[in-house]
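Bear in mind the structure is a predicted one, so any value in this text is a computation, not a measurement. A, B, ... follow the sequence lines: proteins, then strands. Residue 1 opens every chain.
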Amino acid sequence: MFDIKWIRANTEAFDTALSRRKGITTRSADLLAIDDRRRDIIVRLNEAQEKRNALSKQIGQAKAQKDEAKAAELMAEVARLKDTIPAGEAEERAVELELRNALSVLPNIAFDDVPDGTDEAGNVEYFGRNGSPETAAKVRAPRPSFAFAPKEHYEVGVAANGNMDFEIAAKLSGSRFVVLKGEVARLERALGQFMLDLHTNEHGYLEVQPPLLVKDDALFGTNQLPKFEDDLFFAPHGDGRLALIPTAEVPLTNMVRESILSEEELPLRLTALTPCFRSEAGSAGRDTRGMLRQHQFNKVEMVSITTPETSTDEHERMLTCAETVLQKLGLHYRVMNLCTGDLGFGAKKTYDLEVWLPGQDTYREISSVSVCGDFQARRMDARYRPSGEKQAPRFVHTLNGSGTAVGRCLIAVLENYQQEDGSVLVPDVLQPYMGGLKSIGGR
RNA sequence: GGAGAGGUGGCAGAGUGGUCGAAUGCACCGCACUCGAAAUGCGGCGUGGGGGUGACUCCACCGUGAGUUCGAAUCUCACCCUCUCCGCCA
């Protein structure tokens, strides 16, 4: 969410930046008109309150001096303000809500180095700071070659023979659910454990087990509300409701909401392995086969809370953390710098990791790493106090990234490591998590 | 679910109708003392929003929301949360 004062001081920059965003017609003038009304109301209200306060103080003094006549006279004077103050307060609340509502539906503005574009076709491949296709090729696994036609993940023998069961899942829960069994279930677990261990042991993230049900306020903080309510599952609770988290970004990021951290605590790096729940409204017909797009999936999430000065560096660092997962798994992938048309609501810049799926003969998103600036911090009221000289609190910057989507990573392993006989080789780094198994689904 | 206690500034903790945005302690910052540090002394130190070129000034905020009152941290009501005990339970 934007700072109206900043908009007022930077109308042109704001309008130019916002016009890069798809389908947004709001401009600074619309917002400043609301703010002008707000200020008018505040000025009038404050004057009335000041008068009331001054008179009330005099009443107290008059009563202390036992001057009842004067007190009565003053009370009559205050009485004339009686209606204007509550009315003014109601007006102020209304216009402040109006401004907040107008601001809260506006997407973040993109960094200058985010490419323009209307959809994913406008995304630009990224090879890291000072990177190139050559430097990337040194650390990334090459695209695998097959002596046979590689199958899609749900067709690979070890999965197709009942260990990835969509029929049973449909009986339990309907479409877009899956039941994993046996070695495939274990592989899913191994992937999650591997990623979590990597980020906690080598990347400095703190492991967190957050609630999977959250309040509306938390969802507002990380931009799911008010605009993306349809993507969520809700559970009734008391007179209200709780939402099943669509990503651990929600609880992890909101852990700092309504607080003032000390600068020494930053950067705060949090990670969690959780199920994620998405209703996938509007995705009817997309990716209906296999477990690419499910209502429930596991994901390892990384969240960083930083100072404004360090957030862009942290973004590159977080990208590297996510890439390391795929590098260690020996999976081929590419990184895309998302264009303005594909950028998420709260992001200033996003890198997508797209893993190679030989069965689909295409790249598919497996991780999304975003820097949000102070956009979410304003919504959450999450600040930090700079160290050193006495300084006012400032909003933190927030970042989030998948490290990575476990379900999709399972797909990638099945497709990339499949053998002609339907078995799947276990990547070296996963073998300790698989009791030393080098292959699954073999005879 | 039942009973009781409580929610005040970064933390602890006073404050039960007016001069309280709020004592005191800790933490923090500055200065003094010191070779330096500790200790000590002095001073400073909440957040947000208006107005003013500025010095400055006004308003709001003591869990949240309503209410009583000329005036509410303080009184009333509802709700939320935390803690203790009991019950139930993975």
Side-chain angles (χ1 to χ4, degrees), chain A residues 1-9 31-100 102-104 209 211-221 235-242 251 254-266 268 305 307 374 377-396:
Chain A
M1 193 158 74
F2 296 107
D3 177 10
I4 188 65
K5 285 202 277 193
W6 182 86
I7 294 174
R8 188 175 282 280
L31 302 163
L32 292 180
I34 301 173
D35 192 46
D36 286 341
R37 278 193 286 122
R38 173 178 151 268
R39 292 187 184 209
D40 284 346
I41 291 166
I42 286 173
V43 168
R44 281 190 283 115
L45 175 62
N46 282 5
E47 280 171 0
Q49 288 169 321
E50 182 179 357
K51 196 168 174 188
R52 178 201 62 194
N53 290 349
L55 290 171
S56 292
K57 197 165 278 189
Q58 287 176 39
I59 292 169
Q61 288 165 352
K63 290 212 168 187
Q65 291 162 15
K66 305 268 191 257
D67 189 346
E68 292 299 333
K70 186 176 180 192
E73 184 185 320
L74 290 165
M75 280 162 77
E77 197 175 341
V78 179
R80 286 197 288 277
L81 293 168
K82 272 220 109 182
D83 294 334
T84 70
I85 289 176
E89 284 171 344
E91 271 186 276
E92 185 191 4
R93 269 196 303 273
V95 74
E96 265 168 5
L97 184 65
E98 185 183 348
L99 182 61
R100 182 177 173 83
L103 290 170
S104 67
Q209 287 272 1
L212 306 180
L213 292 161
V214 295
K215 300 198 265 193
D216 280 16
D217 285 348
L219 295 162
F220 181 86
H237 178 60
D239 295 332
R241 63 180 186 181
L242 290 171
N254 277 282
M255 278 171 63
V256 298
R257 69 176 292 117
E258 295 162 58
S259 64
I260 301 177
L261 307 168
S262 66
E263 184 168 353
E264 288 68 36
E265 294 173 77
L266 305 178
L268 186 61
I305 311 295
T307 62
D374 63 6
R378 288 182 182 285
R379 291 172 159 255
M380 299 188 296
D381 191 22
R383 294 170 292 171
Y384 78 101
R385 194 180 296 282
S387 53
E389 288 289 308
K390 169 74 185 161
Q391 287 185 59
R394 305 169 70 196
F395 286 107
V396 297

Considering only atom [atom1], compute the distance from [N] to [M] and round it to an integer number of Å.
| N | M | atom1 | value |
| --- | --- | --- | --- |
| B:C77 | B:U82 | P | 23 Å |
| B:A60 | B:U76 | P | 23 Å |
| B:U47 | B:G10 | C1' | 12 Å |
| B:G15 | B:U24 | C1' | 11 Å |
| B:C35 | B:C28 | P | 24 Å |
| B:U68 | B:A78 | C1' | 15 Å |
| B:U8 | B:C81 | C1' | 15 Å |
| B:A39 | B:C45 | C1' | 22 Å |

Quick check on [N]: is either OP1 or OP2 less than 4.0 Å from any side-chain nitrogen or oxygen of [X]?
| X | N | answer |
| --- | --- | --- |
| A:Lys63 | B:G71 | no |
| A:Arg52 | B:A60 | yes |
| A:Arg385 | B:U47 | yes |
| A:Arg383 | B:G48 | yes |

Are side-chain heavy atoms of [X] and [Y] found at a separation under 4.5 Å?
| X | Y | answer |
| --- | --- | --- |
| A:Ile59 | A:Met75 | yes |
| A:Arg37 | A:Leu99 | no |
| A:Arg8 | A:Asp35 | yes |

Looking only at side-chain atoms of [X], point me to the closest of [options].
| X | options | value |
| --- | --- | --- |
| A:Gln49 | B:A66, B:G50, B:A60 | B:A60 |
| A:Arg38 | B:C70, B:G49, B:G10 | B:G49 |
| A:Asn53 | B:C70, B:U47, B:C59 | B:C59 |

Given 3.5 Å as the limit, does a donor-acceptor pair link the side chain of A:Arg38 with the main chain of A:Ala94, or not?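 The answer is no, because no donor-acceptor pair under 3.5 Å joins these two groups.
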Could you tell me the separation between the [atom1] atom of [X] and the [atom2] atom of [N], rounded to a whole number of Å?
| X | N | atom1 | atom2 | value |
| --- | --- | --- | --- | --- |
| A:Phe395 | B:U47 | CZ | C1' | 11 Å |
| A:Glu264 | B:G10 | CD | C1' | 12 Å |
| A:Arg100 | B:G49 | CZ | P | 13 Å |
| A:Asp3 | B:G48 | CG | P | 11 Å |
| A:Glu91 | B:A60 | CD | P | 17 Å |
| A:Lys51 | B:G50 | NZ | C1' | 19 Å |
| A:Arg93 | B:U64 | CZ | P | 14 Å |
| A:Arg378 | B:G49 | CZ | C1' | 14 Å |

Taking pairing as Watson-Crick or G-U wobble with both contacts under 3.5 Å, can you name the mate of [N], or confirm there isn't one?
| N | answer |
| --- | --- |
| B:G65 | B:C77 |
| B:G4 | B:C83 |
| B:U40 | B:A32 |
| B:A55 | none |
| B:A60 | B:U47 |
| B:A72 | none |
| B:A27 | none |

Restricting to ring pair (Phe, Tyr, Trp, His ring centres under 6.0 Å), what partner residues turn up for A:Phe395, sequence neighbours left out?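 Expected list: none.
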Quiz prompt | A:Glu73 CD to A:Gln58 CD distance, which is reported to the nearest 0.5 Å | solution =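 Going from the CD atom of A:Glu73 to the CD atom of A:Gln58 covers 10.0 Å.
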- Could you check whether A:Lys5 gets within reach of a base, just the sugar-phosphate, or nothing at all, counting any heavy atom under 4.0 Å?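 The residue A:Lys5 makes sugar-phosphate contact but no base contact.
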Does the distance from a Lys or Arg side-chain N to an Asp or Glu carboxylate O, for A:Asp374 and A:Arg394, drop under 4.0 Å?
->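 No, this pair does not count.
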**Message:** I'd like to know whether CD of A:Glu68 has more than 12 heavy-atom contacts from other residues, nucleotides or ligands below 6.0 angstrom.
**Reply:**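 Counting neighbours around CD of A:Glu68, more than 12 heavy atoms of other residues, nucleotides or ligands fall under 6.0 Å, so yes.
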ask   = Want to settle it: does A:Gly60 or A:Asp381 sit nearer the 5' end of RNA chain B, counting the closest nucleotide to each?
value =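 It is A:Gly60 whose nearest nucleotide is closer to the 5' end.
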- Query: Which comes earlier along RNA chain B counting from the 5' end, the contact point of A:Ile4 or that of A:Met75, where each point is its nearest nucleotide?
  - Reply: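 The answer here is A:Ile4.
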Determine the minimum heavy-atom distance between A:Ala71 and A:Lys63, stating which atoms define it.
->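 What the structure gives for the nearest pair is CB-CG, 4.0 Å.
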Problem - RNA chain B-proximal residues of residues 40-47 of chain A, any heavy atom under 4.0 Å - result: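 By residue number: A:Ile42, A:Val43, A:Asn46.
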Member of A:Arg379, A:Lys215, A:Met380 meeting the side-chain contact (heavy atoms from CB on, under 4.5 Å) criterion with A:Asn254:
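When A:Arg379, A:Lys215, A:Met380 are each tested with A:Asn254, the side-chain contact (heavy atoms from CB on, under 4.5 Å) holds only for A:Met380.
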